[in-house]
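Hydrogens, waters and symmetry mates play no part in the numbers below; they use all other heavy atoms, side chains included.
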Amino acid sequence: VCTSRFWFNYRHVANTLSVYRSVKRLGIPDSHIVLMLADDMACNPRNPKPATVFSHKNMELNVYGDDVEVDYRSYEVTVENFLRVLTGRIPPSTPRSKRLLSDDRSNILIYMTGHGGNGFLKFQDSEEITNVELADAFEQMWQKRRYNELLFIIDTCQGASMYERFYSPNIMALASSQVGEDSLSHQPDLGIGVHLMDRYTFYVLEFLEEIHPASQTNMNDLFQVCPKSLCVSTPGHRTDLFQRDPQSVLITDFFGSVRKVEITAETLSLERHGAGMESKLPEEELATEPLKYAEQLPVAQIIHQKPKQKDWHPPGGFILGLWALIIMVFFKTYGIKHMKHVF
Amino acid sequence: MAAPLVLVVLAAVTVRAALYRSSLAVFIAERVEVASPLNAWKRVVEGLALLDLGVSPYSGAIFHETPLIIYLFHFLIEYAELVFMITDVLTAVALYLAIQDFNKVVFKKQKLLIELDKYAPDVAELIQTPMEMHYIPLKVALFYLLNPYTVMSCVAKSTCAINNSVIAFFILATMKGSAFLSAVFLALATYQSLYPLTLFAPALLYLLQRQFIPIKLKSKSFWLYTLQYASLYLCSLVVIICLSFFLLNSWDFIPSVYGFILSVPDLTPNIGLFWYFFAEMFEHFSLFFVCVFQINVFFYTIPLAIKLKEHPVFFMFVQLAIISIFKSYPTVGDVALYMAFLPVWSHLYRFLRNIFILSCVLIFCSFLFPVLWHLWIYAGSANSNFYYAITLTFNIGQILLISDYFYAFLRREFYLTHGLHLTRQDGTEAMLVLK
């Protein structure tokens, strides 16, 4: 996700596209990638080389080629859309390419870059997402069984504040700088006139260039990428919510699509479905209609629990006191002799 | 005189009912000039809804009405439109009766002063005659009921109408001479919005005049009466506040109502002078300036009391105007209340100097308020300075109106005692100048 727009945020788009390319190179297809970009760099009138986005100086690597599939572009990159993609609460008319079709066996990589602060990330210069919202979205994902393990990488100023509030299991987080530090950009290119990449992502990419689908590099190596001498800011990471030891987690678990294939020479015979399976169903299981994807959370059951409305009545003492006073005032002004007319 | 009054009332009720049914009702209800955070109808509904949900309405910063309003509207919320129409009618009738009484008093006083030869010989044209005073009460009721400000205030269902009605009953009670009722209604008016406290002085002066007690600082009867009246007032105030405690069993309403009025935390734009100042002020100074602004409202009481001690009703008028100009959240309903009194001083017309310009300023500004609001908030091509300019101009217009009437009143009094054709010591014609 690249959360910035405008020409001077070129580097954020270059960051995101570079990570996108690496991830595609390592085997994840476009149908499994949700790319959110403002996408206003390649055709920007200020771009001296139209239809390109470069990520190295001297224009070595064009990360905006023919096969970049942007799922959410321009003004569709909003906090609402981002959270809807994560939690799956998407209107039924959304196309498949814009959905995160994950289940409880999926490992998800989330990479975010842009401008951030202590506890928030700015989206498109007009709204913000807070770390609390993000943590709650991840909790919703966990409760809806939308991920098995999640790796969250963020490259913004004070990025570590964004992962401080996570509380769902199986999340590992990396950030480019601690609270109070700014993440710095890497190199300006004098031909294009803006900074092309941020330091942290640049060094992460150098690291990823050496990964191939069969490599056994693990997360601890990723944590060592970009020490303070190269990055000026101190990268941080968080593994306390993750159940496996980071040493045993392969980079390709998140960045690549590596399937375990076992070749066997024997033949297996599969039974037909039907007779054997029915007895396994417990009798007390209710027959429910198959849930549509967008209805994974039983919202309807929750919102009908409105509190029962009790009417408020003023206390009896008050009414008594008030009317006694009014009657007293009335008789004081008009005299007691009127009382016999009232009764 | 009852029949024309009934006709006026019917016309007013028709206008209001027609506006309630039209689509303008929603538009008017949202205008900031008509509904302030203190008396907006939306907030009353919100407070009652909170009560139904079991939460104290004072717990948020939304509801700033007194518990008596809660009690009133708890039972009458479905008939809210009727309630407001009836309130307006009651206010107008109260003002009508009050001014009728006042006319009698004025006439009696005039007769007394003529017989005592206190007037100069050539001021026959300045003396008020019963013929011209006959229609003044009707005009007052008319001015109040058919004033566009009042109509808008009623259609917006702003509780300013209730405040106005309490003040009108207070004026009626004072005119009738009943110190007890006047103290009770003044306590109610102060309880509703804090500022009618300043009306204590003119009411006291009027009652003293009616009892023929001379206002000398050494006179014992003066202090006795003052003490009586003050104690009546304070006791009723205390009783009403304690009664309000029993509605919700908490003292929450005191910071919510009076703390809110005095400390002005809500800076929604309105036709007053507070919001802009405090929107751009540093936190450091805001306490100081809040105190200065609030003292400004109460400050004019004493000098005016000294100057106008013979004319307490005019004093009351000026005080009402000062309250509605300088209070923390004024609305056009407050302006309408003192404007209803203008017919009472229509005999001052020949001495008013700037009446044409001022009426133009006031009318213009009333039309420009929604225009500049639209430009600022919706079109985005203006900013708050534009709206504040109109606010300032409107308030300057009001202040100049009041000072013009004040000048005219004093000038008439001077002419009454010194004659219309003033001559200097050497016999040439002199001009009266306000120093």
Side-chain angles (χ1 to χ4, degrees), chain A residues 5-6 38 40 74-75 77-80 117-120 122-128 130 132-133 136 299-343, chain B residues 45-59 63 66-78 166 169-170 172-188 191 228 232-233 235-250 253:
Chain A
R5 56 186 305 116
F6 307 127
D40 56 350
S74 189
Y75 291 112
V77 180
T78 59
V79 173
E80 183 190 343
N118 189 355
F120 66 92
K122 211 162 64 146
F123 261 70
Q124 302 244 332
D125 218 20
S126 67
E127 45 179 7
E128 295 156 359
T130 56
V132 177
E133 281 178 325
D136 287 339
V299 175
Q301 282 172 1
I302 296 175
I303 61 175
H304 283 133
Q305 292 165 9
K306 274 198 289 220
K308 198 162 103 61
Q309 286 196 318
K310 290 180 310 213
D311 274 333
W312 173 82
H313 288 290
F318 174 81
I319 302 182
L320 200 66
L322 183 68
W323 286 103
L325 276 174
I326 291 178
I327 292 179
M328 262 170 41
V329 167
F330 178 74
F331 283 123
K332 176 79 172 52
T333 14
Y334 292 107
I336 300 286
K337 65 184 191 291
H338 289 276
M339 269 237 262
K340 69 177 198 303
H341 291 280
V342 172
F343 291 109
Chain B
V45 171
E46 171 97 19
L48 290 174
L50 279 176
L51 260 183
D52 276 337
L53 286 173
V55 174
S56 156
Y58 299 111
S59 49
F63 189 71
T66 56
L68 279 180
I69 299 279
I70 299 182
Y71 176 65
L72 180 73
F73 282 112
H74 176 70
F75 296 107
L76 295 175
I77 193 150
E78 273 118 54
V166 175
F169 277 115
F170 154 69
L172 178 63
T174 317
M175 296 292 178
K176 295 281 187 191
S178 152
F180 174 62
L181 264 187
S182 153
V184 165
F185 278 116
L186 186 63
L188 259 179
Y191 165 74
Q228 244 182 346
L232 273 172
Y233 168 64
C235 281
S236 5
L237 193 60
V238 165
V239 163
I240 294 175
I241 291 187
C242 289
L243 193 66
S244 316
F245 169 76
F246 288 112
L247 186 76
L248 289 169
N249 276 323
S250 72
F253 71 97

Quiz item: For F318(A) and N249(B), what are the C-alpha separation, side-chain angles and deciding distance, and is it a side chain to side chain contact (heavy atoms under 4.5 Å, CB included)?
Solution: CA-CA 10 Å; F318(A) 174 81; N249(B) 276 323; over 6 Å; no
Self-check item: Interchain contact, L248(B) with chain A, by part (heavy-atom threshold 4.5 Å)
Solution: side chain
Quiz prompt | Region of F75(B) in contact with chain A, defined by heavy-atom distances below 4.5 Å | solution = side chain
Quiz item: Which region of S244(B), side chain (C-beta onward) or backbone (N, CA, C, O), has a non-hydrogen atom less than 4.5 Å from a non-hydrogen atom of chain A, or is it both or neither?
Solution: backbone
Exercise. Given side chain to side chain contact (heavy atoms under 4.5 Å, CB included), test L247(B) with L322(A) step by step and report yes or no.
Key: CA-CA 10 Å; L247(B) 186 76; L322(A) 183 68; over 6 Å; no
